[in-house]
Amino acid sequence: MPELPEVETVRAGLAVRVVGRTVADVDVLHPRAVRRQTGGAAELVARLRGRTVTAAVRRGKYLWLTLGTDAAAPPDEALLAHLGMSGQLLVQEPDQRRAAGIPDLGAPFLAPPGERPVDLTATRPPTLVRTIPATTAHLRVRLRFDDGGELWFVDQRTFGHLMATTTVPTEDGAPGGLGSDAPVLPGPVAHIARDLLDPALDRSALVRRTRARVTEVKRALLDQSLVSGVGNIYADEALWRARLHGTRRTDRLPGARLGSLFDDAAAVMRDALAVGGTSFDALYVDVEGAAGYFARSLAVYGRTGMPCPRCGAPVRREQFMNRSSYSCPRCQRRPRAM
DNA sequence: AAAGGGACCTGGCTGC
DNA sequence: TGCAGCCAGGTCCCTT
């Protein structure tokens with residue numbers, strides 16, 4: 001389930017493998033994958049053909065490739081992607097590119113100028129670094145670059161989508177997301193709040209806005225218009241680290257308590273990012289087809305009945321927002337009344 | 001107006 | 001053995 005660390009792992013891969021390449025043509029193999037494109041597949045193809053990718057940018061769980069012609073001006077167009085629950089972006093290189101020295105599957109990434117190197121193999125055991133399956137099952141959209149490489153959008157459950165769209169200026173003049181300095185972001189992402197790893201995030205304003213909400217704290221964590229990037233897995237892990245039950249009311253928590261909760265959420269996502277994210281199965285992989293390694297570091301998520309790493313009490317599972325929530329019954333006391 | 005709930009999806013798993 | 005039903009959950013949209 002791609003949340004911020006998984007999407008960021010994909011973005012980092014795209015920054016290395018796709019930026020600088022030019023789209024020759026696009027094949028849309030499933031209309032649902034482009035359902036948010038007003039003009040459908042034809043419009044997506046028309047807007048991408050001939051465009052060069054200038055940056056890979058992410059805010060929360062959304063990522064986009066900016067499409068440039070003039071390097072000096074802010075990009076006016078972008079290919080927006082959301083992975084939904086099972087979306088993957090896989091870079092496919094023809095054999096001749098491998099022979100020409102492009103890093104093979106599982107090889108360490110080289111960082112472009114100004115970006116921290118991401119070595120996806122150093123922190124994960126070789127058994128979890130898999131080659132890209134040669135199957136085209138669930139292949140929804142295929143971008144073909146003019147150098148013979150391809151970018152595949154694969155999505156089993158079709159909750160994800162691609163969309164070519166114009167950009168709009170950010171409200172605060174800061175960069176639209178991580179991966180580019182341009183103060184723009186795709187129009188459909190304008191309502192998505194900055195995420196907890198965004199340098200331009202105003203933490204104290206976030207705490208104020210959260211306290212002004214009259215809702216449960218887990219709902220607030222999952223509200224992408226309040227703070228983005230957090231999904232069900234990292235919400236539960238953050239609440240466990242903060243020793244808070246998800247049904248605690250935001251308006252009744254001290255600001256300092258909320259502040260440390262957000263710090264815990266940022267920390268758990270940084271920890272996950274360092275090992276390539278969380279993979280339970282083949283549904284989440286990076287652009288090379290490699291699985292993340294954080295699943296073994298989860299404290300409570302998916303661990304019903306297993307001991308809390310802090311106190312040993314068996315992890316509890318509850319229904320919440322039509323989802324499963326996992327918590328420690330001893331470390332995370334349920335509030336008395338709703 | 002803010003908050004909550006359901007729909008959208010498919011494949012793997014469980015239980016009868 | 002086969003099949004029905006459940007479960008996973010991010011986001012949009014509708015209702016309250």
Side-chain angles (χ1 to χ4, degrees), chain A residues 1-8 10-11 29-38 58-64 80-89 133 135-141 153-163 165 185-193 195-196 208-239 246-252 265 269 272 277-285 291-292 295 298 300-305 317-326 338:
Chain A
M1 325 313 150
E3 301 181 31
L4 187 153
E6 293 76 35
V7 180
E8 174 57 21
V10 171
R11 188 207 65 80
L29 304 166
H30 196 302
R32 190 174 149 76
V34 297
R35 64 192 177 280
R36 292 192 66 190
Q37 191 85 54
T38 316
R58 180 195 55 76
R59 173 184 290 208
K61 303 169 194 172
Y62 280 92
L63 67 84
W64 59 92
L80 178 63
H82 195 290
L83 302 179
M85 283 186 65
S86 55
Q88 306 174 347
L89 287 168
T135 173
T136 55
H138 310 125
L139 175 59
R140 309 304 188 194
V141 180
F153 179 63
V154 174
D155 190 8
Q156 180 204 94
R157 295 179 192 170
T158 68
F159 273 36
H161 67 271
L162 297 185
M163 181 185 189
T165 177
L185 77 173
V189 182
H191 69 290
I192 299 295
D195 62 64
L196 292 167
R208 277 198 306 276
R209 290 177 59 210
T210 306
R211 291 197 75 200
R213 296 282 179 105
V214 181
T215 189
E216 294 163 342
V217 67
K218 183 168 178 180
R219 289 182 187 278
L221 272 178
L222 295 174
D223 185 341
Q224 307 295 301
S225 68
L226 181 67
V227 62
S228 67
V230 182
N232 203 39
I233 297 172
Y234 296 110
D236 279 3
E237 293 297 305
L239 289 163
T247 60
R248 293 285 292 269
R249 307 294 301 212
T250 50
D251 54 324
R252 298 179 196 171
M269 291 194 292
T278 301
S279 301
F280 294 114
D281 46 36
L283 287 187
Y284 161 70
V285 294
L298 296 172
V300 288
Y301 186 86
R303 299 176 56 82
T304 312
R317 175 185 172 184
E318 296 168 294
Q319 284 301 119
F320 180 71
M321 293 173 66
N322 286 326
R323 303 280 186 267
S324 288
S325 286
Y326 303 89
M338 295 300 282

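Any value given below was found using the heavy atoms of this structure, including those in side chains, with hydrogens, waters and symmetry copies removed. We name chains A, B, ... by the order of the sequence lines, and we start the count at 1 in each one.
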Give a yes or no answer on whether the side chain of A:Arg140 reaches the backbone of A:Asp155 with a donor-acceptor pair at less than 3.5 Å. yes

So does A:Val230 get a backbone contact from the side chain of A:Gln224, meaning a donor-acceptor N/O pair under 3.5 Å? yes

Looking only at the side chains, is there a donor atom on one of A:Tyr234 and A:Thr278 sitting less than 3.5 Å from an acceptor on the other? yes

Indicate whether the side chain of A:Thr158 and that of A:Arg32 have a donor and an acceptor atom separated by less than 3.5 Å. yes

Can you tell me the distance, in whole Å, between the [atom1] atom of [X] and the [atom2] atom of [N]?
X        : N      : atom1 : atom2 : answer
A:Arg249 : B:dA3  : CZ    : C1'   : 10 Å
A:Asp236 : C:dG10 : CG    : P     : 10 Å
A:Leu226 : C:dT11 : CG    : P     : 14 Å
A:Arg213 : B:dG4  : CZ    : P     : 10 Å
A:Asp155 : C:dT11 : CG    : C1'   : 13 Å
A:Arg209 : B:dA2  : CZ    : P     : 11 Å
A:Gln156 : B:dT10 : CD    : C1'   : 5 Å
A:Lys218 : B:dG5  : NZ    : P     : 14 Å

Please tell me which of A:Arg219 and A:His138 maps to the more 5' nucleotide of DNA chain B, matching each residue to the nucleotide holding its nearest heavy atom. A:Arg219

Nearest heavy atom decides the nucleotide; on that basis, is A:Arg32 or A:Thr215 closer to the 5' end of DNA chain B? A:Thr215

Reckon [X] has a side-chain N or O less than 4.0 Å from the OP1 or OP2 of [N]?
X        : N      : answer
A:Gln224 : C:dG10 : no
A:His191 : C:dC12 : yes
A:His30  : B:dC9  : no
A:His82  : C:dG10 : no

Within the structure shown, what part of the strands sits under 4.0 Å from A:Arg35 by heavy-atom distance: base, sugar-phosphate, or nothing? nothing

A:Phe320 near the nucleic acid: base, sugar-phosphate alone, or nothing, with a heavy-atom cut-off under 4.0 Å? nothing

Test A:Arg213 against every option in A:Thr250, A:Asp251, A:Asp223 by the side-chain hydrogen bond (donor to acceptor under 3.5 Å, both in side chains) rule and name the one that passes. A:Asp223

Under 4.0 Å between a Lys/Arg side-chain N and an Asp/Glu carboxylate O for A:Asp195 and A:Lys61? no

Reported CE-to-OH distance for the pair A:Met85 and A:Tyr284, which is rounded to 0.5 angstrom: 15.0 Å

Using a cut-off of under 3.5 Å, enumerate the N/O to N/O pairs linking the protein to nucleotides 4-8 of chain C.
| unit_1 | atom_1 | unit_2 | atom_2 | d |
| --- | --- | --- | --- | --- |
| C:dA8 | OP1 | A:Arg317 | NH2 | 2.7 |
| C:dA8 | OP1 | A:Ser324 | OG | 2.7 |
| C:dA8 | O3' | A:Tyr301 | OH | 3.4 |
| C:dA8 | N3 | A:Arg157 | NH1 | 3.2 |

